[in-house]
Undergrad: 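Provided herewith is a single structure, encoded as structure tokens, for subsequent inquiry.
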Protein chains: 2
Amino acid sequence: MDENIDLPALEKLRGFLASAQLPDDGRLPPERELAQSLDIGRAVLRKALATLQAEGVVWRHVGKGTFTGERPIDTVADINAMVQRTNPFEVMGARIAFEPEVARCAALNATGAQVAEIRNCMLKAQQAPTWRQYEQWDNKLHRTIGEASQNSLLLGLLDTLNAVRRAVTWGRLRDTPVRPPADHHSFAEHIEIVQAIGDRDAAGAYEAMRRHLRSVESHMRNRG
Amino acid sequence: MDENIDLPALEKLRGFLASAQLPDDGRLPPERELAQSLDIGRAVLRKALATLQAEGVVWRHVGKGTFTGERPIDTVADINAMVQRTNPFEVMGARIAFEPEVARCAALNATGAQVAEIRNCMLKAQQAPTWRQYEQWDNKLHRTIGEASQNSLLLGLLDTLNAVRRAVTWGRLRDTPVRPPADHHSFAEHIEIVQAIGDRDAAGAYEAMRRHLRSVESHMRNRG
DNA sequence: TGTAAAAACCAATTGCATATTGGGTTGGGT
DNA sequence: ACCCAACCCAATATGCAATTGGTTTTTACA
């Protein structure tokens with residue numbers, strides 16, 4: 001902490017914070033304006049603000065303003081940052097960590113209509129005439145399982161994960177045959193997942209999804 | 001599919017897509033410009049584009065443009081939308097689904113320095129003189145566990161989850177006593193989590209984190 | 001001469017008007 | 001009946017001036 005702090009100014013600022021009616025986002029008036037209304041210089045105010053920032057009472061950001069409370073972690077537009085930071089194996093690891101839990105929640109919470117939709121997606125994926133359409137139905141299958149968890153936040157996180165996955169694997173379809181072979185490993189795995197969800201078997205759904213993604217991971221490694 | 005499709009125009013468009021040098025985001029020229037350069041009408045082009053969009057070859061968005069490939073799910077992690085849609089119980093459910101898996105990965109992957117930092121956060125949380133500082137160290141403990149997973153995507157998802165959590169629980173500290181009581185339930189639970197991570201016990205870390213969050217959940221219910 | 005305050009400058013961000021883009025309709029021509 | 005050109009609308013992007021925090025320079029005073 002800076003020892004040159006002006007204590008009367010700091011007390012004025014604390015008094016302001018204790019009594020001010022601030023907007024919902026906790027934004028303080030601009031420094032120039034606040035200095036004037038507290039009848040102190042801006043440089044003095046800035047020192048007092050720096051003290052309060054070090055205590056976690058306020059946070060400041062160039063161009064945005066000064067706000068009460070702790071600085072939020074910056075997550076807006078973080079998808080691009082995530083994409084830059086990660087790689088296909090991390091994406092697989094995150095899926096293996098996350099999606100079995102989503103399947104578990106789906107087994108506990110899915111409506112009958114959602115179970116039927118999950119089955120439909122699985123069948124459509126098996127019957128898909130091209131890899132592109134197989135991927136579309138595969139994506140829809142996984143997302144419908146996320147919807148069936150009945151937890152909008154889990155679904156939001158799953159969508160974030162899939163957005164990163166697609167960005168990381170962009171262009172990956174170029175060198176594949178026309179459609180998946182009839183013995184494509186995911187088909188049997190999908191059947192097990194969907195069966196467990198339909199049976200309301202949470203642990204079974206968790207294990208089946210985990211086996212599926214481990215299998216996807218090892219195929220990815222062999223193709224590496 | 002629309003049966004009024006103009007096949008020569010569709011072939012012209014496919015030919016364009018096969019040979020064009022497009023920017024990295026796969027953006028096509030604006031419709032008016034593309035219609036001119038292909039020497040077809042804009043309405044005809046729009047029909048051809050609609051056909052390709054139905055096949056998943058391109059996607060279009062008012063005001064943005066036309067792009068190759070499938071329509072991405074909203075790629076900006078829209079934290080505000082998640083916050084509006086969810087509630088504290090969903091947040092708890094998502095944490096219970098997600099954070100034990102993060103603890104499992106941390107037990108397998110943490111460096112020695114990270115284990116030491118995790119311990120430090122735990123001790124600092126126990127010694128915190130105010131609830132505000134306890135929360136700061138608690139947040140840091142959970143985030144350090146996320147870092148220790150050595151998976152930047154898992155960490156990104158955890159940050160997203162915590163950003164939503166903070167927004168949903170905004171202002172929750174107002175009516176609490178000065179500091180956590182010495183027998184605050186989380187203290188013993190933190191010890192178990194940190195012990196399991198330090199012991200490299202993945203299943204133990206998973207179970208300890210799950211018990212901790214279930215305990216937080218039931219305290220939340222009783223307080224509700 | 002040293003210090004504090006005021007003024008000026010810089011980088012990051014916001015707000016707003018205008019331009020652009022896809023979506024669609026209308027009228028005229030073949 | 002269909003296509004084309006022109007036009008309109010809603011969503012989005014772009015560019016620029018204003019705003020905001022961060023810092024340096026200048027000025028005034030003791």
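Only this structure's heavy atoms are used, side chains among them; waters, hydrogens and symmetry mates stay out. Just so we're on the same page: letters track the sequence lines, and every chain starts at 1. On a predicted model such as this, the values are computed, not experimentally measured, just so you know.
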Undergrad: Hey, is B/Arg95 close enough to B/Glu217 for a salt bridge, meaning N to O under 4.0 Å?
TA: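 The answer is no: the pair does not qualify as a salt bridge.
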Undergrad: In whole angstrom, what separates A/Asp25's CG from C/dT13's P?
TA: 16 Å
Undergrad: Do A/Thr66 and A/Gln53 come within less than 4.5 Å of each other through their side chains, counting heavy atoms only?
TA: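 No, side chains not in contact.
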Undergrad: What is the distance from CH2 of A/Trp59 to P of D/dT20, rounded to the nearest Å?
TA: 15 Å
Undergrad: Can you sort out the partners of A/His61 under ring pair (Phe, Tyr, Trp, His ring centres under 6.0 Å), two or more places apart, ordered by chain and number?
TA: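 So A/His61 forms no ring pair (Phe, Tyr, Trp, His ring centres under 6.0 Å) with any residue.
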Undergrad: For a ring pair (Phe, Tyr, Trp, His ring centres under 6.0 Å) check, start with the C-alpha distance between B/His219 and B/His184, then their side-chain angles and the critical distance, and finish with the verdict.
TA: CA-CA 11 Å; B/His219 276 85; B/His184 181 51; 7.5 Å; no
Undergrad: Mind checking whether B/Tyr134 and B/His190 have parallel, tilted or perpendicular rings, split at 30° and 60°?
TA: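 Aromatic pair B/Tyr134/B/His190 classed parallel.
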Undergrad: Let me know the distance between CD of A/Gln36 and C1' of C/dA6, rounded to the nearest Å.
TA: 13 Å
Undergrad: When you check every protein heavy atom under 4.0 Å of nucleotides 16-30 of chain C, what one-letter string (B, S, -) results, 5' to 3'?
TA: -----BBBB------
Undergrad: Within the 4.5 Å heavy-atom criterion, are B/Asp138 and B/Ser186 side-chain neighbours or not?
TA: no
Undergrad: With a 4.0 Å cut-off on N to O distance, would you call B/Glu117 and B/Lys140 a salt bridge?
TA: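 Here B/Glu117 pairs with B/Lys140 in a salt bridge, since their nearest N and O are under 4.0 Å apart.
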Undergrad: Do A/Arg14 and A/Leu52 have side chains that get closer than 4.5 Å, going by heavy atoms?
TA: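 Result yes, sub-4.5 Å side-chain heavy-atom pair found.
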Undergrad: Which angle, rounded to 10°, do you find between the first-five-pair axis and the last-five-pair axis of the helix from C/dT1-D/dA30 to C/dT30-D/dA1?
TA: 20°
Undergrad: Expressed as a whole number of angstroms, how long is the span from A/Leu34:CG to D/dT20:P?
TA: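 Atom-to-atom, A/Leu34 to D/dT20, this comes out as 12 Å.
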Undergrad: Round to a whole Å and report the spacing from CG of B/Asp39 to C1' of D/dC4.
TA: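 So the two atoms are 12 Å apart, to the nearest Å.
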Undergrad: Provide, to the nearest angstrom, the distance between the CG atom belonging to A/Leu45 and the P atom belonging to D/dT23.
TA: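 About 15 Å, once rounded to whole Å.
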